[in-house]
Amino acid sequence: MLTASVFVNIPVKSIAKAYTYSVPAELSFLEAGWRVFVPFGGRKVEGFILAVADKAETELAGIKLKPIEAAIDEECWFTPAMIKAAKWLADFYLCSLAEMMRLFMPGKSGLKISVQYEAVEEEGGHILLQMPMYRVVYQYLADQGPQGRNAIARALPEVKEELPSILEKLVQYKVLRKEYAAQKRDNARYEKLVVLTCQLTGQIREGYKRKKAQLHLLELLAAAPEQTLAMADLKAAKVSSATVRNLAEAGLAEIRQRRVLRDSYGDVQADRQRVELTEEQAAAVRAMEPALSAHAYQGFLLKGVTGSGKTQVYIEMAERARRLGRQVIVLVPEIALTGQVVTAFKAYFPDDIVVMHSRLSLAERNDAILRVRRGGAGIIIGARSALFTPAEDVGLIIMDEEQDMSYKQDESPRYHARVVAEELAHIHGGLLLLGSATPSLESYHRARQGELTLLTLTKRIGNLPLPLVKCVDMRQELRLGNRHIMSRPLQQLIEQTIAKRQQLIIMLNRRGFSTFVMCRSCGEVIKCKLCGLPLVYHQGVGGRPGRLACHHCDVTEPIPDTCPKCGSRYIKYFGSGTEKLEQELHQVVPSARVIRMDRDTTNTKFAHQEILARFRRQEYDILLGTQMVAKGHDIPNVTAVGIISADSSLNLPDFRAAERCFMLITQTAGRAGRHTEQGRVIIQTYNPEHYAVTCGIVQDYEGFYAQELKLRQQLFYPPYSRLVKLLYQNEDEQAARSGAAQLIAAFQQQFRGDKRQQAIGPSPAVIARLRGIYRFVVLIKTADLPAVQAFLRAQGLHLRTDVAIDIDPITML
DNA sequence: AGCACGCCGACT
DNA sequence: GTCGGCGTGCTC
């Protein structure tokens, strides 16, 4: 008797365990990794087989085993590597295995399960059916066969209102049966093919002498590769479908269907230019090569200044991995940047690329997966979700811009792509290559500790000069009477650049805007008197004025009219976004043609590319936008860059504030003048003397790193600790707060006196109340993450629905 | 998450 | 007396 251990695909913590089912004889081919359809608590759901065993018993602890209903796919879905990775990750992130496993599927579920109602024949005379409404429904189902509720409602509008209760009652009295129907959600596309099924002999030709059209078709087919032509091509060749049908009926040809795999980025074309590697690039490749063929994990950090040719190193390594027959995953931080990388790779691997990201339709994703499975493509390029493509043997995982915060998923399961990539590389015995001009402090620290092998590219290709970066003190600007968002030097730079018919990028860091209150005269940010963290602006409700709140101490105070430090009246909470800036640009430089790129203007799949393409074609002078304008792309005619408020992130209550600010400045500055002329960059700031700004301006990573690291060590932040954020949610404010407080007490009990195990809080979350639910945060800092994970599991926190666990959170509150 | 089972108020 | 409200608990 075969039994299977099955995890049901329901993302609920309380049923996050394996259930045992019996495997019926006709499904004896099932093994670990198959997706199946199983009965579960009175309904039918999707499940994943984790293991199959041959056991004597048909019951388990007195429960009679239910049989697996059916297999969902024609083949096993999860590879052993995928299951292994999902298990490890579920363990690490304290989430359910099903939650992790569904990341490895194109949709959240492989099935669409719908309920249908079926008439039970022998109950046709039931007493309930004497009522007309009941009889009508029963009769309809008896005539039409099983139907869904919506279909019934559409066909019988007269019973619409009562339908739910009618159906329920009829089911209760067993006059109707509930049927769970499962539709596959693969949206496969097929093309029709015509295949010649005989040898075209002279005898046949003779027989078709009088049927000119069919003979013509026969000749075409005989000449075609594999004697096969697509129906669509025949239509173009003016062969009518009647001709094809006649030939098929005569038995000489056959019409077949073949699944078509859509290639969403198939149209991207690129020219290959053989590039001679620089000595540094070649050295990096040489250092990595042995690990690739050794089939053993090794991690590398490639630190290369902007323009030093990291991409070429990626391509060289990918080529080597492919030559060994191993697959490659290339990760970019945002979907918008896939296009850029795809173009670069297409030049070398025109037909070997598949693009994977969450903006693809379900059908496109299915096709992409199938191309990888069938060996049609070996290089997977995409954002985070590309990691979960079912690949047999991943030899190389490249993570470009590894410091980028968008590699962290901010909804459950809250994984970081770097952690997933590293684990996958371990499982496959592959190579992990993290690339960045400005590595995250965590990765750089690990490299210095020897956990990752550090490779550096210090020279820019063609010895291009770094852009000329100038810093504008906005406090000074105000003193000179300029109350615009844009400083005078920036206005000048815009005018000069446009006059030269060159282009600019202007970046506005919206993050942090409108949340803190600052004096525009002296740069003072209003801070909490108790803990010194910036106070956060909260909008007034119902006509009451807004207030400032500290999220650590839970105190609020009114917004002052004047600056507590210098008494200036120019105190302001920042409310300006890209739209407002766009208006101001129109006033200041009326002739400039401005295009905006931010979350609002880039909703569709190709919106980014479209905007960038139009900007590249010089239909606009200025590209104005948020963070995303700072990333990746390389537009020749851009010679100047302006950063409106480079340091607004410095004022966020977040230990990564300085790191964010530094990365932003170096990245954005890197967009200017990558070709002929030296680029010019203007950075507007209220903190010109902050080390994140001073180091950013001269692109001094080492200097920044040293100072920031010192601070992190003092305050016991990553990379010296790891963080775990617990979010307690409850309708009752006291319950939420005391739940969090209890955990802290238990934590302190457990790790009594250990300075390297700290639990801070409870403090109200950034969104302290969401839809009537109060939210409190506990922040754990630990030098021993496994111990904390074990503690949380022992506390049963991973099973609680009112607590969200975030390992390595990106924000603290 | 759903869905059954179960225990109390409004109506035929 | 039944219908049906949604609180509690389980799902191989």
Side-chain angles (χ1 to χ4, degrees), chain A residues 1-24 27-28 30-32 34-72 90 95-103 105 107-117 126-128 130-131 133-134 148-150 161-182 411-413 729-732 735 771 773 796 798-804:
Chain A
M1 179 66 188
L2 281 177
T3 62
S5 172
V6 175
F7 234 90
V8 287
N9 183 12
I10 301 172
V12 171
K13 292 170 171 178
S14 58
I15 45 176
K17 55 174 184 151
Y19 291 86
T20 312
Y21 286 85
S22 62
V23 182
L27 295 176
S28 59
L30 292 176
E31 1 170 350
W34 279 78
R35 299 195 292 185
V36 289
F37 195 37
V38 291
F40 188 72
R43 67 204 160 120
K44 311 276 168 75
V45 298
E46 180 180 334
F48 316 128
I49 300 184
L50 291 182
V52 175
D54 200 352
K55 280 188 199 150
E57 68 267 34
T58 52
E59 39 184 277
L60 190 90
I63 308 158
K64 198 174 179 309
L65 295 186
K66 292 182 182 174
I68 290 175
E69 204 109 323
I72 291 174
C95 68
S96 88
L97 182 56
E99 215 176 346
M100 220 61 225
M101 284 181 87
R102 49 202 292 185
L103 291 176
M105 312 197 309
K108 285 194 167 112
S109 159
L111 280 183
K112 205 174 149 214
I113 295 163
S114 58
V115 178
Q116 299 203 325
Y117 296 88
H126 195 278
I127 197 157
L128 271 174
Q130 295 186 353
M131 289 156 74
M133 295 244 264
Y134 287 75
R149 182 186 285 184
N150 289 341
E161 288 296 297
E162 324 287 329
L163 190 59
S165 67
I166 293 174
L167 290 171
E168 206 170 304
K169 181 139 287 180
L170 287 172
V171 169
Q172 198 183 334
Y173 286 92
K174 299 199 165 34
V175 181
L176 295 183
R177 234 196 322 259
K178 254 191 197 181
E179 275 292 318
Y180 290 81
E411 57 188 39
S412 181
Q729 313 182 74
N730 204 305
E731 286 172 302
D732 177 22
R771 281 178 242 114
I773 309 262
H798 61 304
L799 299 176
R800 285 179 56 169
T801 49
D802 60 334
V803 185

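Proteins come first, then strands; the chains are lettered A, B, ... in the order of their sequence lines, and each starts at number 1. This structure is a prediction, so every number in the text was calculated from the model and none was measured.
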Donor-acceptor under 3.5 Å (A:Gln116 side chain, A:Ala181 main chain): no
Nearest-angstrom distance from the residue atom CD of A:Glu168 to P of C:dC3: 13 Å
Side-chain (A:Lys13) to main-chain (A:Thr801) donor-acceptor, under 3.5 angstrom: no
Nearest-angstrom distance from the residue atom OH of A:Tyr21 to C1' of C:dC12: 5 Å
Side-chain donor or acceptor of A:Asn9 paired with backbone N/O of A:Met101 under 3.5 Å: no
Whole-Å distance separating the CZ atom of A:Phe7 from the C1' atom of C:dT11: 13 Å
What protein N or O atoms touch nucleotides 1-3 of chain B N or O atoms at under 3.5 angstrom, if any, and at what distances?
unit_1, atom_1, unit_2, atom_2, d
B:dA1, N3, A:Arg43, NH2, 3.2
B:dG2, O4', A:Arg43, NH1, 3.4

Distance (rounded to the nearest 0.5 Å) between A:Lys178 NZ and A:Tyr117 OH: 5.0 Å
Gap between atoms CD1 and C1', on A:Ile49 and C:dC12 respectively (whole Å): 13 Å
Donor-acceptor pair, side chain of A:Glu46 and main chain of A:Gly110, under 3.5 angstrom: yes
Euclidean distance, A:Leu50 CG relative to A:Tyr19 OH, rounded to 0.5 Å: 12.5 Å
